[in-house]
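Because the structure is a prediction, the values reported are computed rather than measured.
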Amino acid sequence: MELLPDILGRWMKDAFVRAFPEEAGRMETVAVVAAANPEFGDYQCNAAMPLAKALRQPPRKVAETVLAGMEMPSFLSKVEVAGPGFINLFLSDAWMVERLVELSRDPRLGAPEPGLGRTVVMDYGSPNITKPLHIGHLRSHNIGSAIDRLHRFLGYRVIADNHLGDWGTQFGVTIMGYRHFGDPEKMRKEPLEELERVYVLSYEKTKTDPEWLARCREELVKLQSGDPENVALWRDFTRYSIEELEHTYGRLGIKYDLVRGESHYRDKLLPTVEFLAGKGLTRISEGATVVDLEEEGLPLCIVRKSDGGFNYATSDIATVRSRIEEFMPDRIVYVTDERQQLHFRQVFAICRRLGIETALDHVWFGLMRLPEGTFSTREGNVIPLERLLDEAVTRAKKVLDETSPEMPDGRKKEVAEAVGIGAVKYADLSQNPQSLVTFTWEKALALDGNSGPYLQYAYARIASVLDKYGERFPGMDLQSFPVSVSEQVERTLVLHLLRFGETVRRAAEAYKPSVLCDYLYELAGVYSSFYQNVPFLKADEGVRESRVRICGITASVLGTGLKLLGIRTPERI
RNA sequence: GCCCCGGUAGCUCAGUUGGACAGAGCAUCGGAUUUCUAAUCCGACGGUCGCAGGUUCGAGCCCUGCCCGGGGCGCCA
């Protein structure tokens, strides 16, 4: 299905070109956007005003001239010029309803497939292992997996790779910590907590004890050069970490195609530096191998340390080359926090120098903070991610106990899990990714207002309506009844449903799941208003069926949208 | 010192890339349930969009300067 703004934009462009062939021909597109206010119609076009300047004519006159030569197309009921020169477009009810039915028969609900034939590698989550996830890890996983699903929905072939930090300096520190402070008993029971504990102890010691620091580096070099004992430890640490990660990923509904980690590219580090050197991009500075990036206005980038070791930049360049070779992607997308902006600009610049043309995008998001400031292990104010999820589920369960006492216990547990985690995920996704996020329990666990549970509740109410309809009017063939709109709120709902495709496209293009959240919240709001103020099961036959069909389509759109966000949709709450 | 973000209602945040009188949620206050799930709905209250200039038909959005907060800037990732 072609998207509404595209259909309307094309018609407007025709109108402009017909009226002003020369000037309008130079306009690349004539943008049509959703109207700012329902009074002003359904969509509006503002192109007459900029054009008026070039033509040296009053904008209203330009708009009127544009419209004068056009016949009213079937999809519009009214077009008018308003204010300084806005062109307001009113969609025809009959056409909207026709489109809605078409949408309901489309498994993609009217969304386009711009990604067909395209491959994108997505790198998100990518935590450093040997530490439990904390609330700061939520954003990359959550935002990344939502962008991932949006792209798959739009037809892209997505390769989601969890690029674990499993080969860095921290292993020397952790190995030393484990050898000297490790408790085998705790290691069996809570490996990640234990690994983090010994890491912190060992790390503190590096700051006061230079010899300790030197020994940590030694252990890292031993690991990286294949020392069997250290490699065995590294394997254990990695295995424990991944097992625990998988548990949290299961709760969050995050799935990867690949979980490779930096270690996967360890044999490619030296060849990468040699390749860079072969291209004449490197020089030696203070014993380190560096790439100058002055032309790009960036600071120089170290690709090999003076002690012979490699760092993050080298690893990422090696990873880009490997991914291109293996998957031939059209694009590689990284989702990390804002602190890595410079790093990726450097890496991308070096890739360009190497002649890599694959699109490379860094999607960054604001750090999560606590009201009192940043959190850190040393401050002791780190909130483990699992604890946040547990707390959310507990609160959801409490509400369920009050509102749905009749629900069987097992079922209640499932619903509480879905609702609690839905609340946490939605609270994070609904913010503009680039805003700095201040974590508060109140916000993360909100169950009413603009929240995940509000959307899930709306969904469950619809599911209930559909069931009740089936019970009370058995044997009716819903699809054989026509859809029509009579109430204002009903029309608003239909219009909103028709905008699903354009919203999904915009959310994916902008890498902003929050765009979809806004849309779904508004959809649920319009539906709730409809539900509360317009009878359907009690309406006359015909009107009843039309409204129940609209309910069904709303359920599809809301359900699909929530699934794209990774939020589950219980049929009963 | 240089670079990147942010500053919008008491609080937490939107604002479709320059359009119509700046919008939600929370909080506060008032109303709605013999009815399709009240985790809901309807309404009220609430703003110098950090400050000062500038660009133009039009600025929360673009430009310049300043103030406040966060982050980054050669061997961590």
Self-check item: Closest approach of A:Pro59 to A:Ala52 (non-hydrogen atoms, all atoms of both residues)
Solution: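 For A:Pro59 versus A:Ala52, the nearest heavy atoms are CA-CB, 3.5 Å.
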Between N or O atoms, less than 3.5 Å apart, protein on one side and nucleotides 42-47 of chain B on the other: list the pairs.
| unit_1 | atom_1 | unit_2 | atom_2 | d |
| --- | --- | --- | --- | --- |
| B:C42 | OP1 | A:Ser529 | OG | 3.1 |

Which part of the nucleic acid, if any, lies within reach of [X] when heavy atoms closer than 4.0 Å are counted: base, sugar-phosphate only, or nothing?
X: A:Pro535; answer: base
X: A:Val534; answer: base
X: A:Val399; answer: base
X: A:Leu447; answer: base
X: A:Leu298; answer: nothing
X: A:Ile573; answer: base
X: A:Val419; answer: base
X: A:Ser315; answer: nothing
X: A:Ala52; answer: nothing

Mutual orientation of the aromatic rings belonging to [X] and [Y] [parallel < 30°, tilted 30-60°, perpendicular > 60°]:
X: A:Trp234; Y: A:Trp167; value: perpendicular
X: A:Tyr527; Y: A:Phe530; value: perpendicular
X: A:His343; Y: A:Tyr312; value: parallel

Quiz item: Any idea if B:U17 is syn or anti, going by the 90°-from-0 cut?
Solution: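 Judged by the O4'-C1' to base torsion, B:U17 sits in syn, the angle falling within 90° of 0.
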Taking the same atom, [atom1], in [N] and in [M], what whole-Å distance lies between them?
N: B:G15; M: B:G53; atom1: C1'; result: 25 Å
N: B:C76; M: B:G18; atom1: C1'; result: 43 Å
N: B:G46; M: B:G30; atom1: C1'; result: 16 Å

Quiz item: Can A:Arg369 be said to sit on top of A:Phe439's aromatic six-ring, NZ or CZ under 6.0 Å from centre and within 45° of the ring axis?
Solution: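 So A:Arg369 doesn't make the cation-pi contact.
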Quiz item: Within 45° of the six-membered ring axis of A:Tyr43 and under 6.0 Å from that ring's centre, is NZ or CZ of A:Arg499 located there?
Solution: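 Satisfied, under 6.0 Å and within 45°.
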Quiz item: Any side chain to side chain donor-acceptor pair (under 3.5 Å) pairs touching residues 127-138 of chain A, not counting sequence neighbours?
Solution: none
Exercise. Would you kindly give the CG-to-P distance between A:Leu293 and B:C3, to the nearest whole Å?
Key: 18 Å
Exercise. Quick one: list whatever passes side chain to side chain donor-acceptor pair (under 3.5 Å) with A:Arg345, sequence neighbours left out.
Key: none
Per-pair distances, 0.1 Å, donor-acceptor, side chain in residues 539-546 of chain A, under 3.5 Å, sequence neighbours excluded:
| unit_1 | atom_1 | unit_2 | atom_2 | d |
| --- | --- | --- | --- | --- |
| A:Glu545 | OE1 | A:Gly542 | N | 2.7 |
| A:Glu545 | OE2 | A:Tyr469 | OH | 2.5 |
| A:Ser546 | OG | A:Ser484 | N | 2.9 |
| A:Ser546 | OG | A:Ser484 | O | 3.0 |

Exercise. Could you run through nucleotides 18-26 of chain B and give me one letter per nucleotide, 5' to 3': B if any protein heavy atom sits under 4.0 Å from the base, S if only the sugar-phosphate is that close, - if neither?
Key: -BBB--SSS
Self-check item: Carboxylate-amine/guanidinium proximity below 4.0 Å for A:Glu80 and A:Lys78
Solution: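 Salt bridge between A:Glu80 and A:Lys78, a charged N being under 4.0 Å from a carboxylate O: yes.
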Quiz item: Would you say B:U37 has OP1 or OP2 under 4.0 Å from some side-chain N or O of A:Lys468?
Solution: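 The answer is yes; a side-chain N or O of A:Lys468 sits under 4.0 Å from OP1 or OP2.
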Quiz item: OP1 or OP2 of B:C36 less than 4.0 angstrom from a side-chain nitrogen or oxygen of A:Arg472, does that happen here?
Solution: yes
Practice problem: Starting from the 5' end of RNA chain B, give me the residue, A:Val515 or A:Val415, whose nearest nucleotide shows up first. | Solution: A:Val515
Distances under 3.5 Å between nitrogen or oxygen atoms of protein and nucleotides 74-77 of chain B:
| unit_1 | atom_1 | unit_2 | atom_2 | d |
| --- | --- | --- | --- | --- |
| B:C75 | O2 | A:Ser306 | N | 2.7 |
| B:C75 | O2 | A:Ser306 | OG | 3.3 |
| B:C75 | N3 | A:Ser306 | OG | 3.2 |
| B:C75 | N4 | A:Glu286 | O | 2.9 |
| B:C75 | N4 | A:Glu286 | OE1 | 3.4 |
| B:C76 | OP2 | A:Lys305 | NZ | 3.4 |
| B:C76 | O3' | A:Thr169 | OG1 | 3.1 |
| B:A77 | OP2 | A:Tyr312 | N | 3.4 |
| B:A77 | O3' | A:Glu262 | OE1 | 2.9 |
| B:A77 | O3' | A:Glu262 | OE2 | 3.0 |
| B:A77 | O2' | A:Asn128 | OD1 | 3.4 |

Self-check item: Any strand: nucleotide that pairs with B:U16 via Watson-Crick or wobble, under 3.5 Å
Solution: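 With both distances under 3.5 Å required, B:U16 matches none.
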